[in-house]
S.K.: 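The structure that follows is given in the form of structure tokens.
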Amino acid sequence: MPLALLALAVGAFGIGTTEFVMMGLLPDVAADLHISLPTAGHLVSAYALGVVIGAPLLAALTARMRRRTLLMSLMALFVAGNTLSAFAPGYDSLLAARFLSGLPHGAFFGVGAVVATRMVAPERRARSVSLMFLGLTVANIAGVPVATLMGQRLGWRATFLGVSAIGLAAIASLAALIPRDTAGAPATGLRGELAALRSLPVWLALGTTVAGFGALFSAYSYITPMLTDAAGYADSSVTLLLALFGVGATIGNLLGGRLTDHAMRRTLFAGLASLAAVLALFPLLMRTQWTGALAVVLLGIAAFVAGTPLNLMVMEKASTAPSLASSANQAAFNLANAGGAWIGGLALAAGFGVTSPALAGAALSLLGLAVAGVAYGVDRHRASTGITGITGHERIVATHVPEPTQAAVHH
């Protein structure tokens with residue numbers, strides 16, 4: 001694997017840290033800015049909104065930029081957002097800074113995934129993407145706990161300055177390691193980029209992401225009360241247990257990358273089915289402390305085994321605009337975050353018990369499996385009838401592009 005993947009992983013580490021650290025700093029931010037905890041929670045939503053808006057928008061508008069230059073520019077925007085967060089004088093300015101910090105998130109992962117696949121042989125594409133996302137999973141093991149501790153000891157503003165430093169290190173790594181001749185996307189224009197999203201297989205792949213990862217966030221958003229009220233852990237143990245989720249996510253990410261290179265569709269089906277099974281067992285696993293800890297690890301493994309094939313599938317279905325499609329998939333992940341948390345909250349509010357969000361998640365995972373099955377059926381039908389899955393406009397654009405953006409992903 002090329003050393004340049006390390007530069008992408010450093011950027012992913014910084015993004016993962018700033019995305020999740022706010023959840024641990026909410027009480028400190030609320031106290032310092034004299035706002036309520038629910039109001040402070042809007043800072044998490046502002047970041048997610050920035051991801052959803054920025055992911056497809058920036059990927060489409062910057063399609064003609066050199067990939068190396070674009071990745072460095074996106075990290076520069078990331079550094080600016082976190083620096084402004086550190087020096088925000090009040091709640092409104094911090095809210096705007098968090099939104100700005102979220103804008104480059106999806107586009108960085110989307111463009112980074114395309115760059116990663118171009119630097120390796122076709123049979124190693126999935127592993128290259130999983131190594132980039134390794135930075136995100138490791139952030140949950142080390143970055144978030146350390147950044148949270150820094151914020152509690154030195155003040156929450158110090159945390160965002162530390163994250164900005166990680167962003168600067170990522171820019172330096174990208175400048176040093178990403179090849180200078182990494183090309184931009186074909187000059188199809190914004191209309192050509194957006195045309196790639198008209199395809200039914202693309203939308204089915206995005207729908208699988210929303211349902212599948214909505215299952216994860218339905219349970220993970222309420223993992224703390226499950227561990228304390230059901231499994232019997234003390235509040236002080238939760239941070240360590242969440243690091244165990246990061247360990248599971250790292251294992252699942254690496255395993256998913258290797259398996260996807262051999263059989264993308266089967267890996268996706270197996271990951272979603274495993275996720276449904278783990279979530280369905282949560283009420284039983286959360287009865288004791290050791291099985292509760294095991295459940296957290298298994299949740300991370302099952303969810304992230306499915307992550308890599310989801311990313312690769314979207315890029316394959318929109319081969320004329322893989323950066324835009326992969327970035328749109330990051331927006332879908334964040335929609336899954338918000339939607340899954342909402343559905344899990346409905347289960348709790350209905351009085352079904354503290355582990356009921358996990359059962360709601362199991363149902364969502366089965367929904368994702370069903371959508372993936374429909375996508376498979378559509379692909380088989382199109383293959384049997386000679387339909388490539390590319391819209392008419394895309395086919396016209398593709399004939400004017402001298403070099404393909406990316407070879408089809410083998411599976």
Side-chain angles (χ1 to χ4, degrees), residues 11-12 14-23 39-65 67 69-85 88 91-114 133 136 160 163-164 167 185 189-198 202-203 205-211 213-214 217 221 307 310-311 314-315 318 321-342:
I15 290 174
T17 299
T18 199
E19 179 181 15
F20 293 106
V21 75
M22 179 57 78
M23 300 168 189
T39 300
H42 294 161
L43 296 169
V44 177
S45 302
Y47 183 92
L49 182 62
V51 177
V52 172
I53 293 176
L57 182 63
L58 290 180
L61 295 179
T62 60
R64 301 188 185 190
M65 287 182 65
R67 304 292 89 179
T69 302
L70 176 55
L71 287 169
M72 293 171 63
S73 300
L74 291 170
M75 286 309 302
L77 183 59
F78 169 82
V79 170
N82 282 279
T83 302
L84 289 173
S85 296
Y91 170 73
D92 290 338
S93 55
L94 180 58
L95 195 69
R98 286 294 291 171
F99 175 81
L100 180 64
S101 300
L103 286 176
H105 175 128
F108 180 87
F109 281 119
V111 174
V114 175
F133 279 95
L136 182 65
F160 291 110
V163 171
S164 297
L190 181 58
R191 180 179 297 179
E193 288 285 313
L194 294 177
L197 297 184
R198 294 181 188 172
V202 172
W203 282 102
L206 292 174
T208 305
T209 296
V210 173
F213 266 73
F217 288 108
S221 300
L310 282 171
N311 276 300
V314 171
M315 290 165 58
S323 296
L324 175 59
S326 184
S327 299
N329 203 38
Q330 297 305 310
F333 278 119
N334 277 268
L335 286 175
N337 189 340
W342 176 67

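Computed from a predicted structure; not experimentally measured.
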S.K.: Which atom pair, heavy atoms only, marks the closest approach of Ala55 to Gly106?
M.R.: CB-CA, 3.8 Å

S.K.: To the nearest 0.5 Å, how far apart are CG in Leu57 and CD1 in Ile53?
M.R.: 8.5 Å

S.K.: Measure across Ala205 and Leu310 and return the closest heavy-atom pair with its distance rounded to 0.1 Å.
M.R.: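 Nearest pair, atom of Ala205 first, then Leu310: O-CD2, 4.3 Å.
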
S.K.: How many angstroms lie between CE in Met22 and OG in Ser101, if you round to the nearest 0.5 Å?
M.R.: 8.5 Å

S.K.: Please report the shortest heavy-atom distance between Ala336 and Val210, naming the atom on each side.
M.R.: CB-O, 3.4 Å

S.K.: Of all the heavy-atom pairs spanning Gln330 and Asn311, show the shortest one and how long it is.
M.R.: NE2-OD1, 3.2 Å

S.K.: Would you please name every residue forming a ring pair (Phe, Tyr, Trp, His ring centres under 6.0 Å) with Phe109, sequence neighbours left out?
M.R.: His105, Phe133

S.K.: List in chain and number order the residues that pass ring pair (Phe, Tyr, Trp, His ring centres under 6.0 Å) with Phe333, two or more places apart in sequence or in another chain; answer none if no residue qualifies.
M.R.: Phe213

S.K.: Using residues 69-82 as the side-chain source, report each donor-acceptor pair under 3.5 Å to any protein atom, sequence neighbours left out, with the distance given to one decimal.
M.R.:
residue	atom	partner	partner atom	Å
Ser73	OG	Thr69	O	2.8
Asn82	OD1	Thr18	OG1	2.6
Asn82	ND2	Phe78	O	2.9

S.K.: Do you know the tightest heavy-atom contact between Val163 and Gly14?
M.R.: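 Distance-wise, the nearest heavy atoms are CG1-O, 4.0 Å.
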
S.K.: Taking Thr209 for the side chain and Asn329 for the main chain, is one N or O donor matched with an acceptor at less than 3.5 Å?
M.R.: no

S.K.: Would you call Val202 and Leu206 a side-chain contact if the rule is heavy atoms closer than 4.5 Å?
M.R.: yes

S.K.: Using 0.5 Å steps for rounding, measure from the OH atom of Tyr47 to the CG atom of Leu100.
M.R.: 10.5 Å

S.K.: Kindly give the heavy-atom pair with the smallest separation between Pro56 and Val51, and that separation in Å.
M.R.: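 Residues Pro56 and Val51, closest heavy atoms: CD-O, 4.4 Å.
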
S.K.: Would His42 and Tyr91 count as a side-chain contact (heavy atoms from CB on, under 4.5 Å) if you check the C-alpha gap in whole Å, the side-chain angles of each, and the deciding distance to 0.1 Å?
M.R.: CA-CA 10 Å; His42 294 161; Tyr91 170 73; 3.3 Å; yes

